[in-house]
Number of protein chains: 2
Amino acid sequence: MPATPRRDLAAMIVPLGRALTAAELPLLHDHGLTMWAYSVLLRLDDRPLRSQAALAEAIGADKTRIIDVLADLEERGLISRTSDPADRRVRLLALTPEGHRVRTAAQSAIQSREDRLLARHLTPAQRTTFLEALATLSTLPPDTLTTP
Amino acid sequence: MPATPRRDLAAMIVPLGRALTAAELPLLHDHGLTMWAYSVLLRLDDRPLRSQAALAEAIGADKTRIIDVLADLEERGLISRTSDPADRRVRLLALTPEGHRVRTAAQSAIQSREDRLLARHLTPAQRTTFLEALATLSTLPPDTLTTP
DNA sequence: TAGATCGGTACGCATGTGCTTATCGTGTGC
DNA sequence: GCACACGATAAGCACATGCGTACCGATCTA
């Protein structure tokens, strides 16, 4: 039985992810965002969040480390951080209109570039299926990958 | 024009890569390999390499940091490191038969798990197209992504 | 009411990695 | 033949990140 002829999934995906991330960085900085700040804006766009620890967990960050990021975003008026009246220990996190505007602008720039990339190298059918499959795989519960 | 409804490519790919990597780690350790050691074995399988700096660059590692990895692999008989007779400054790097055996065993374990994952969550057609597109994108020259 | 718990914050430690410099043996060009 | 360039190696600095601890204020519970 010959060795499998294809490269490992991770060996293809991880460098691709790195390259895409590297390509994103200048676009983010154009909008005054770091990667962590952008992650925060993306996450809060879905819906406001109760508690910063939940946010950290959702974006895979360290809860003691996003504090500065949140403080900075709040200072710049991109997010609001208010104490929950029901339990004043927790902070309610939400995008401000300005935060929403910045997030949309940054994401448009990024996705435009991505769309151009895909259009240039994949057929429309490939592109559709690829995005479909990617969406499927990237939304699997974490333990699906680690325990089978 | 509404905001694009899909997630960023990088936002899907990077966490997926992380998850796949995390799932690989225990398998690698079963074969006595670290991720860096495995990267080395994979790269050397293609063809032997002249110079360690070239290897480091090929696998995206720091050239001053793979030295210990290579020394360990050599000590365990998985790779050979000989001085090039034509230029004794450079080291010729190659897999030993034992190194090839270990590499094959580790990769089989990893790809079996990957195949099971894909089979479970994608249709055969999706799977084929996905791997095709992934192979295409992951072999693009680096500047294709960073400069368009 | 007192003690336990919880979210947020700050701080220190360890680690992994990149980047720089220095050294040594080897090669090459003047 | 000699100065310089180059590959491999070692050692140090810098930074980002993860992890643990400690503290504070607010809340819950016995």
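By convention in this document, chain letters (A, B, ...) are assigned in the order of the sequence lines, proteins followed by strands, and residues within each chain are numbered from 1.
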Terminal helix-axis angle for the helix from C/dT1-D/dA30 to C/dC30-D/dG1, with five pairs defining each axis and rounding to 10 degrees: 0°

query: What's the CG-P distance between B/Leu70 and D/dG7, to the nearest Å?
result: 16 Å

query: Are B/Arg7 and A/Ser138 close enough that a side-chain donor and a side-chain acceptor fall under 3.5 Å?
result: yes

message: What I want to find out is whether B/Asp72 reaches B/Arg76 closely enough, with some N-O distance under 4.0 Å, to be called a salt bridge.
response: yes

message: Counting C-beta onward and ignoring hydrogens, is there a side-chain heavy-atom pair between B/Thr82 and B/Leu93 closer than 4.5 Å?
response: no

statement: When rounded to whole Å, the NZ to P distance for the pair A/Lys63 and C/dC11 reads 15 Å

query: DNA chain C: A/Gln52 or B/Arg65, which has the more 5' nearest nucleotide?
result: A/Gln52

message: Check A/Arg6 with B/Glu132, please: is the shortest side-chain N to carboxylate O separation under 4.0 Å?
response: no

query: Does the pair B/Arg120/B/Asp115 count as a salt bridge with the N-to-O cut at 4.0 Å?
result: no

- prompt: Would you call A/Val40 and A/Leu78 a side-chain contact if the rule is heavy atoms closer than 4.5 Å?
  reply: no

message: Given C/dG18, D/dA10, D/dA8, identify the nucleotide with an atom nearest to the side chain of B/Ser51.
response: D/dA8

query: Hey, can you pull the residues of residues 73-93 of chain B with a non-hydrogen atom under 4.0 angstrom from DNA chain D?
result: B/Arg81, B/Arg89, B/Val90, B/Arg91

- line: B/Ile66 atom CD1 is separated from C/dT17 atom P, nearest whole Å, by 13 Å

query: Does a nitrogen or oxygen in the side chain of B/Trp36 sit under 4.0 Å from OP1 or OP2 of C/dT17?
result: yes

field: Protein-nucleotide distance (B/Ile67, atom CD1; C/dT17, atom C1'), rounded to Å
entry: 14 Å

task: Could you tell me the separation between the CG atom of A/Asp72 and the P atom of C/dT9, rounded to a whole number of Å?
output: 14 Å

Residue pair A/Met12 / B/Ile13, side-chain heavy-atom distance below 4.5 Å: no

task: Please list, chain by chain and in numerical order, all residues satisfying ring pair (Phe, Tyr, Trp, His ring centres under 6.0 Å) with B/Tyr38, sequence neighbours excluded.
output: none

Carboxylate-amine/guanidinium contact A/Glu74 A/Arg91, below 4.0 Å: no

- request: Provide, to the nearest angstrom, the distance between the CE atom belonging to B/Met35 and the P atom belonging to C/dG16.
  value: 14 Å

task: Specify the separation, in whole Å, of atom CG of B/Asp62 and atom C1' of D/dA11.
output: 13 Å

- prompt: Separation of A/Arg50 atom CZ from D/dA26 atom P, in whole Å?
  reply: 16 Å

